[in-house]
Amino acid sequence: MSELNLILLGPPGSGKGTQGERLQEDFHLPYYATGDILRAAVSEGTELGTTAKQHMDEGGLVPDDVIIGVIGERVESPEAADGFILDGFPRTIGQAEALGEEMEKLNRSLTAVVLIDTDDEEVIRRLGGRRTCAKNGHIFHVEFDPPKNEDVCDVCGARLIIRDDDKPEVIAKRLDTYHSQTEPLVAYYEEKGILKRVDGSQSPDDVGDRIRALLATLRLEEEL
Ligand code: AP5
């Protein structure tokens, strides 16, 4: 494939971060996860972090004008010249339109938008048990992907933490936000013919295999 410009779309807890980490290893492309970028800004106490924190704690979205610039400068950076993987962006029609304009300006196009289709009940089970490495961001689940030692990262030995927005009342708000503001992107990208659905209820390995298979199909189609 000449260029792989990929978006991972799906509700909170659908596995975007889990699959993003795998895809990044497979394709060696820059991976831009807006949630991770915003959490880093919050912990560094930057102006972006201060603006973002309240929205994140409440399960709402950071304003479009704030986040669009953050992603725009990464997409047009030299490291993203051969492609990129976006996780958590776009999340509104306004963000999708801004990304479309950015791609047009760069004379590039999106390869695919992979929707990791997962229902609300499963989301609640997953986010309730998520543990994240405080140092490298690796994601675990107490039941579905437990660390070898409780609350310790298998990869680097750092402490595992529970995210502030994984409290039950914030999870409910994040799901509402997803259905009202982000889910309309499914129809938006379906209309553009680049939406690819993956059944997110399967195991992480099966979801990963499915995504790899659909990217391989796109590569074959491109060669025809
Ligand atoms: P963000 O960090 O992007 O949160 P999110 O979209 O809610 O997604 P999550 O990171 O919670 O879940 P995920 O899909 O990555 O699932 P994961 O792989 O971790 O955003 C946080 C906040 O930042 C937003 O609420 C908003 O305020 C703000 N924000 C971010 N982007 C923004 C934007 N563009 N505009 C405005 N505001 C923005 O998996 C979850 C758990 O399930 C893990 O424990 C994992 O081990 C487990 N798991 C994963 N896959 C499977 C599987 N197949 N089977 C069983 N368990 C699995």
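One-based numbering, in listed order, for ligands and for the atoms of each. Here, residue 1 is the first one in the sequence, and each next residue gets the next number.
Residues T111 and N5 bring no donor and acceptor atom of their side chains to less than 3.5 Å of each other.
In this structure, D26 does not pair ionically with R22, as no charged nitrogen and carboxylate oxygen lie closer than 4.0 Å.
Taking the side chain as every heavy atom from C-beta outward, Q181 and L61 approach each other to under 4.5 Å.
Residue pairs that meet the salt bridge (charged side-chain N to carboxylate O under 4.0 Å, His left out) test with at least one member in residues 176-194, sequence neighbours left out, are E190-R197.
Annotation: the span from L4 atom CG to F84 atom CZ amounts to 9.0 Å, rounded to 0.5 Å.
Checking each of L185, T182, I68 against Q95 for a side-chain contact (heavy atoms from CB on, under 4.5 Å) leaves exactly one that passes, namely I68.
A heavy-atom cutoff of 4.0 Å around ligand 1 is satisfied by the protein residues P11, P12, G13, S14, G15, K16, G17, T18, T34, G35, L38, R39, M56, G60, L61, V62, I67, G88, F89, R91, Q95, R126, L127, R130, I139, F140, H141, F144, R163, D165, R174, G200, Q202, S203, P204.
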